[in-house]
There are 2 protein chains.
Amino acid sequence: MPDEKPTSIWMLPERQERSGPGRRPGYSREQITQTAVQVADAEGVEATTMRRIASELGTGAMSLYRYVPKRDDLLDLMIDMVMGEIELPDRPSGDWRSDLSLVAHQTRAAGLRHPWLITLLTSRPTLGPHLLRVHEFALGALDRLGLDIDDISSFVGMLNDYVYSATRREIGWLEEARRTGLDPERWKRDYIGPYVRQIVESGAYPLFTRSVLESRTAHLPPAERFQYGLDRLLDGIGVHITSDISR
Amino acid sequence: MPDEKPTSIWMLPERQERSGPGRRPGYSREQITQTAVQVADAEGVEATTMRRIASELGTGAMSLYRYVPKRDDLLDLMIDMVMGEIELPDRPSGDWRSDLSLVAHQTRAAGLRHPWLITLLTSRPTLGPHLLRVHEFALGALDRLGLDIDDISSFVGMLNDYVYSATRREIGWLEEARRTGLDPERWKRDYIGPYVRQIVESGAYPLFTRSVLESRTAHLPPAERFQYGLDRLLDGIGVHITSDISR
DNA sequence: ACCATTCAGGTACGATGTACGCAAACGGAG
DNA sequence: CTCCGTTTGCGTACATCGTACCTGAATGGT
């Protein structure tokens, strides 16, 4: 009777250092993951093919399968390695607003360093140890404030949703700007590809048009724009925290 | 000097009915898109290959390229066709809360009918006419309430983020339940695959554990659970609407 | 009746993930 | 040292994908 196959990579730890016979492994999961991250940073996640990563390590594609069951698992490992870059105190400080801000900004920073992160993170449900650590910290920031666990969970979910989508939007601009060659600042002022221009000129979507043309925050530095939306969100959460004096 | 190539499928309308010489087209963009949607509904988006769709129509793969430039464009067309199922009044009613609720529930319903929709929608930036229509309606719901356009845009963004991620979570349960063969209700009570169980038993993530084990809303019918989070979000938006009397 | 034009779709190419199998490296037992 | 079971390295091979190219059939205007 065979073992039931592990449901995720996190239940299949790398083979440990042993002292039996047999050839020694020449690579490691971490090394392979790191290489994959570098390739993805430089050329996008679609360049992280098994052959490409292997050749980066000077070996053959099939060698990687001694360390990683499938390519999808490698994507999970990449996500978690990068989540490991997020630095947080051991415990929340007690100031929920600055704790959540910290998580938000750190996550955004990681997302900008690795433009593939957010797409991967939101397209596959994964729960690696580092992601869990960050999540636990965020939940902890709202603990002991009179909220029940469903509200805490719900608010942290909203925070994550905001951070992911705001960061994704930001990355979208950067990539669009790089593709068209313009520098981001000038590009955002003159703005918008031909398609959005067509939408605007059609006159059929007046509010969408205003959100494109009359936006104040669109001209802010990205970090301030991020902060602006974040503050709105935290204000919304704050309403439910009775012990909060600021509002 | 060639035309600059269109930036999106929406700038490349289907060839119109003409009256010149040449063979008549045997298919149409809409017909192909509809077939793709059916295949995706039945077997997932990864089954919507060009060959599969073509053979469903009784033709060869390459014929599709007379109607759609690339497979990615077909994905955009699928998204927008399904967004077209969302039924909304011509103009918002004036009750912002019920207007946004309507958008939220309609979008969730479309996402549940077509489990691939949310993944596609959040993994590729697309702005088809039907998506624009829905977005414009949502923006309109918050117009004339004393908010500036950045806040309106920001709140609608938060609403979308919530709807997408809540619906995605719900779909995840359904698929997990289908995969393991259990019916959704029982499965959600007994809950959780072996990996989450291991996390819980590790004791290292007490708040995550509580969010799994002590949740009240987890046992609610999905629609009520959705409503619960939605109400929290709308409460948060309501704070910023001064003319709102309910809070 | 002819022809320029348009569509249908077969063939073919490069790329991908990965199953399979064999040879090379290794440590322990004799 | 010699042999042997075990483990790793990786070449070969295959199914499947998007899609470039090309030939032949259909069509309506002249």
Side-chain angles (χ1 to χ4, degrees), chain A residues 2 5-6 9 12-33 35-36 39-40 43-78 116 120 123-124, chain B residues 2 5-6 9 12-33 35-36 39-40 43-78 116 120 123-124:
Chain A
K5 58 182 59 172
I9 182 74
L12 185 78
E14 188 168 15
R15 190 155 0 247
Q16 295 301 343
E17 194 63 30
R18 68 193 184 288
S19 58
R23 188 170 172 174
R24 300 294 111 164
Y27 308 93
S28 71
R29 230 180 231 186
E30 179 164 359
Q31 184 187 9
I32 292 170
T33 307
T35 305
V39 171
E43 304 173 39
V45 70
E46 70 280 2
T48 62
T49 68
M50 298 307 265
R51 286 170 231 260
R52 179 77 166 77
I53 296 165
S55 91
E56 205 77 15
L57 286 164
T59 181
M62 292 313 293
S63 303
L64 305 184
Y65 286 91
R66 295 276 167 197
Y67 303 89
V68 172
K70 318 185 60 139
R71 185 180 113 96
D72 281 7
D73 295 318
L74 185 53
L75 296 180
D76 284 344
L77 291 168
M78 291 168 65
W116 43 269
L120 243 47
S123 68
R124 33 190 308 109
Chain B
K5 59 181 59 172
I9 181 73
L12 185 78
E14 187 168 16
R15 190 157 1 247
Q16 295 302 341
E17 196 62 31
R18 69 192 184 289
S19 58
R23 190 170 170 175
R24 301 294 117 174
Y27 308 94
S28 72
R29 233 181 229 186
E30 179 163 358
Q31 184 186 10
I32 292 170
T33 306
T35 305
V39 171
E43 303 173 40
V45 70
E46 71 279 1
T48 62
T49 67
M50 298 307 266
R51 287 171 230 258
R52 179 78 167 76
I53 296 166
S55 90
E56 206 77 16
L57 285 163
T59 180
M62 291 314 292
S63 302
L64 306 184
Y65 286 91
R66 294 275 161 193
Y67 304 89
V68 173
K70 318 184 57 124
R71 177 174 182 267
D72 281 8
D73 295 318
L74 185 53
L75 296 180
D76 285 344
L77 290 169
M78 291 168 65
W116 44 269
L120 243 48
S123 68
R124 36 192 304 110

Nearest atoms (heavy-atom pairs only) where A61(B) meets R51(B):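 Nearest heavy atoms, A61(B) then R51(B): CB-CG, 3.8 Å.
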Listed partners of R52(B) passing salt bridge (charged side-chain N to carboxylate O under 4.0 Å, His left out), at least two apart: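 In terms of salt bridge (charged side-chain N to carboxylate O under 4.0 Å, His left out), with neighbours along the sequence ignored, R52(B) is linked to E43(B), E56(B).
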Roughly how many Å is it from [atom1] in [X] to [atom2] in [N], rounded to a whole number?
X: D72(B); N: dC17(D); atom1: CG; atom2: C1'; answer: 13 Å
X: Q16(B); N: dT6(C); atom1: CD; atom2: P; answer: 14 Å
X: Y65(A); N: dA19(C); atom1: OH; atom2: P; answer: 7 Å
X: I32(A); N: dG17(C); atom1: CD1; atom2: P; answer: 14 Å

Reported CD1-to-CG distance for the pair I9(B) and D76(B), which is rounded to 0.5 angstrom: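 CG of D76(B) is found 7.5 Å from CD1 of I9(B).
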Inter-residue atom distance I53(B).CD1 - T35(B).OG1, 0.5 Å rounding: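 The OG1 atom of T35(B) is 7.5 Å from CD1 of I53(B), to the nearest 0.5 Å.
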Close side-chain approach of L75(B) to V45(B), heavy-atom, < 4.5 Å: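 With C-beta onward as the side chain, the pair touches.
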side-chain contact (heavy atoms from CB on, under 4.5 Å) against S123(B), all qualifying residues, sequence neighbours excluded: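 So S123(B) forms no side-chain contact (heavy atoms from CB on, under 4.5 Å) with any residue.
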Sequence neighbours excluded - side-chain hydrogen bond (donor to acceptor under 3.5 Å, both in side chains) pairs with any residue from residues 64-73 of chain B: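 For residues 64-73 of chain B, and leaving out neighbouring residues, the side-chain hydrogen bond (donor to acceptor under 3.5 Å, both in side chains) pairs sorted by first residue read T48(B)-R71(B).
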Annotated protein contacts, base or backbone, on nucleotides 5-11 of chain D with a non-hydrogen cut-off under 4.0 Å, one of B, S, - each: BBBBBBB
N or O in side chain of K70(B) less than 4.0 angstrom from dT19(D) OP1/OP2: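 Yes, K70(B) has a side-chain N/O under 4.0 Å of OP1/OP2 on dT19(D).
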Contact list for DNA chain C against residues 44-51 of chain A - heavy-atom distance below 4.0 Å: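 Close to the strand are T49(A), M50(A), R51(A).
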Under the side chain to side chain donor-acceptor pair (under 3.5 Å) test, residues paired with S63(A) that sit two or more places apart: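 For S63(A) the side chain to side chain donor-acceptor pair (under 3.5 Å) partners, ignoring immediate neighbours, are T59(A).
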